[in-house]
Each structure stands twice: as structure tokens, then as C-alpha cells.
Amino acid sequence: MNHDAYPDSYIRGILNTVKTIAMVGFSPKENRPSYFVFKYLLERGFRVIPVNPGQAGKQALGQKIYAALAEIPEPVDMVDIFRAAENVLPIVQEAIALTPQPRVIWMQLSVRNDEAAALAEQAGMKVVMNRCPKIEYGRLSTEISWMGINSRTLSSKRAQILGTGVQRMGLGRAIAPPGPAKDDEENSG
């Protein structure tokens with residue numbers, strides 16, 4: 001995998017298939033990037049489990065905070081890492097030791113560790129480095145451009161809306177948009 005440029009299909013495939021995300025390096029401070037991402041992903045229907053040894057046992061937005069990946073009592077699909085690059089290898093090693101193993105290791109913006117990525121890929125995991133799932137979800141669902149941010153992607157297609165407002169756009173999952181059935185359209189007029 002070329003970790004300098006990811007195809008949209010690769011990122012979309014990950015975001016459409018993961019359901020449970022362990023966020024290592026979560027901060028309960030509302031002004032921290034990890035908190036923004038945590039809250040955003042929860043609002044999009046992901047199960048997000050915060051991991052921070054200094055906050056273990058506490059709650060954040062109704063979610064229990066764990067000290068380590070190994071303490072999480074359920075399988076996780078993806079490990080989202082909010083730690084400096086030099087701290088990533090032990091986190092990936094801990095993820096590899098989990099049963100079952102997560103399918104994805106995701107390193108946040110400015111976090112890149114090629115050794116850890118190679119180890120994860122050897123274990124059969126997908127890897128994303130130097131990207132944010134919140135930004136990628138917003139970009140691929142077109143939420144970002146609907147909010148006035150230029151994503152450099154032009155399209156005449158409207159984004160699929162999952163509910164009311166800009167905050168509920170989807171990634172193109174198999175959800176039918178509301179509206180008249182095809183038979184109703186053909187029989188009208």
C-alpha cells in the first residue's frame with residue numbers, strides 16, 4: 001500500500017465497514033482534536049471506545065474510558081491512534097495481540113510510523129497514516145463542501161442524506177433516500 005496517497009475507495013471501504021473504534025490517546029478536554037473526532041464519530045453511529053490510562057474508569061459522553069486496548073471487553077474493528085509517531089509501535093503490537101485482531105490501524109494527522117504500519121500489514125490489517133477519520137468522512141460524504149469548505153471535488157450529485165441537516169450525510173451506504181417509490185412515479189401523471 002502506498003501510504004502517501006490513499007484511493008477514496010480504500011478510505012470509504014474502511015469507514016463503511018468498521019463499527020467499533022478504539023481511540024487511543026483520547027482526551028476528555030472539549031477543545032482537543034481527539035474529543036472533536038470522538039464526538040463526531042459517535043454522532044455518525046460508530047461505537048467509539050476511548051483509551052487513556054490517566055482517565056481510566058471515568059466516562060466521556062456516556063462511554064467508559066479504558067487504560068489499554070487489552071482492557072476493552074469487546075472486539076474492536078479499528079484502532080484510531082492520537083499519539084506521537086514514536087509511541088505508535090507499542091500500540092500496534094498491543095492491537096496485534098488482541099483476539100480477535102482489529103481490521104484497521106488508523107494514525108491521525110501528522111502521525112506516521114512506517115515500521116508499525118509494516119507490522120500491522122504483515123498481521124493482515126489495513127493501515128491509514130496521517131489522516132483523520134472525521135475529515136475523511138466529512139470529505140467523502142460531502143459534509144465538508146456543504147459547510148462551505150472547498151474539498152476540491154466537483155460533482156453534480158447530491159450527497160445521500162441520512163436524517164435532517166448537514167450533520168447526517170452518508171458515505172454512500174445502501175440506504176434508500178426518502179421519496180416516492182418508483183412505481184408511484186411511473187403511475188402518476
Side-chain angles (χ1 to χ4, degrees), residues 11-85 87-111 113 116-117 120 123 125-141 143-144 147 160-173 175:
I11 301 293
R12 183 179 278 113
I14 289 171
L15 294 174
N16 271 336
T17 57
V18 301
K19 293 181 181 10
T20 305
I21 301 169
M23 183 176 288
V24 178
F26 165 80
S27 173
K29 295 178 182 174
E30 293 180 8
N31 64 341
R32 303 290 301 180
S34 63
Y35 187 89
F36 295 145
V37 174
F38 173 73
K39 185 177 182 201
Y40 180 92
L41 294 174
L42 280 174
E43 290 172 352
R44 298 309 174 284
F46 294 96
R47 166 96 167 97
V48 187
I49 303 168
V51 178
N52 180 325
Q55 300 292 321
K58 296 179 182 175
Q59 296 264 326
L61 296 176
Q63 308 301 309
K64 182 179 177 184
I65 303 171
Y66 292 89
L69 290 172
E71 294 182 10
I72 298 172
E74 62 187 275
V76 297
D77 301 316
M78 181 171 102
V79 177
D80 184 12
I81 303 173
F82 271 95
R83 298 293 316 270
N87 299 318
V88 170
L89 185 58
I91 296 166
V92 169
Q93 290 167 333
E94 185 181 5
I96 289 170
L98 295 175
T99 303
Q101 286 181 344
R103 297 189 312 256
V104 179
I105 297 292
W106 190 299
M107 297 176 220
Q108 278 292 333
L109 291 174
S110 78
V111 181
N113 186 312
M125 298 178 189
K126 292 183 177 183
V127 175
V128 177
M129 296 191 285
N130 192 26
R131 297 285 179 101
C132 175
K134 175 186 182 294
I135 293 170
E136 294 302 309
Y137 189 101
R139 181 180 67 82
L140 293 170
S141 70
E143 281 181 9
I144 286 178
M147 289 186 270
Q160 190 174 24
I161 298 178
L162 297 179
T164 59
V166 172
Q167 298 298 320
R168 299 289 179 250
M169 294 181 168
L171 287 172
R173 293 181 177 138
I175 298 173

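A quick note: this is a predicted structure, and the numbers were derived from the prediction, not measured.
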Tell me which donor-acceptor pairs under 3.5 Å the side chains of residues 51-64 have, and how far apart each pair is, sequence neighbours excluded?
residue	atom	partner	partner atom	Å
N52	OD1	G54	N	2.9
N52	OD1	Q55	N	3.4
N52	ND2	F26	O	2.7
Q55	OE1	K58	NZ	3.4
Q63	OE1	R47	NH1	2.4

Roughly how far, to the nearest 0.5 Å, is the [atom2] atom of [Y] from the [atom1] atom of [X]?
X: E74; Y: I49; atom1: CD; atom2: CD1; answer: 4.0 Å
X: K29; Y: Y35; atom1: NZ; atom2: OH; answer: 13.5 Å
X: N113; Y: I91; atom1: CG; atom2: CD1; answer: 9.5 Å
X: L69; Y: Q93; atom1: CG; atom2: CD; answer: 12.0 Å
X: I14; Y: Y137; atom1: CD1; atom2: OH; answer: 15.0 Å
X: C132; Y: M107; atom1: SG; atom2: CE; answer: 14.5 Å

Return yes if some donor-acceptor pair links the side-chain N/O of [X] with the main-chain N/O of [Y] below 3.5 Å, else return no.
X: S27; Y: S34; value: no
X: D77; Y: K19; value: yes
X: N130; Y: L109; value: no
X: Q101; Y: I96; value: yes

Quiz item: Passes side chain to side chain contact (heavy atoms under 4.5 Å, CB included), V37 versus Q108? Steps please.
Solution: CA-CA 10 Å; V37 174; Q108 278 292 333; 4.2 Å; yes
Nearest atoms (heavy-atom pairs only) where [X] meets [Y]:
X: P50; Y: V48; value: CD-O, 3.6 Å
X: V18; Y: F46; value: O-CE2, 3.3 Å
X: A116; Y: V92; value: O-CG1, 3.6 Å
X: F36; Y: E30; value: CE2-O, 3.2 Å

Exercise. Identify which one of V79, D80, N87 satisfies the side-chain contact (heavy atoms from CB on, under 4.5 Å) criterion when paired with V24.
Key: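 Filter result, single survivor: V79.
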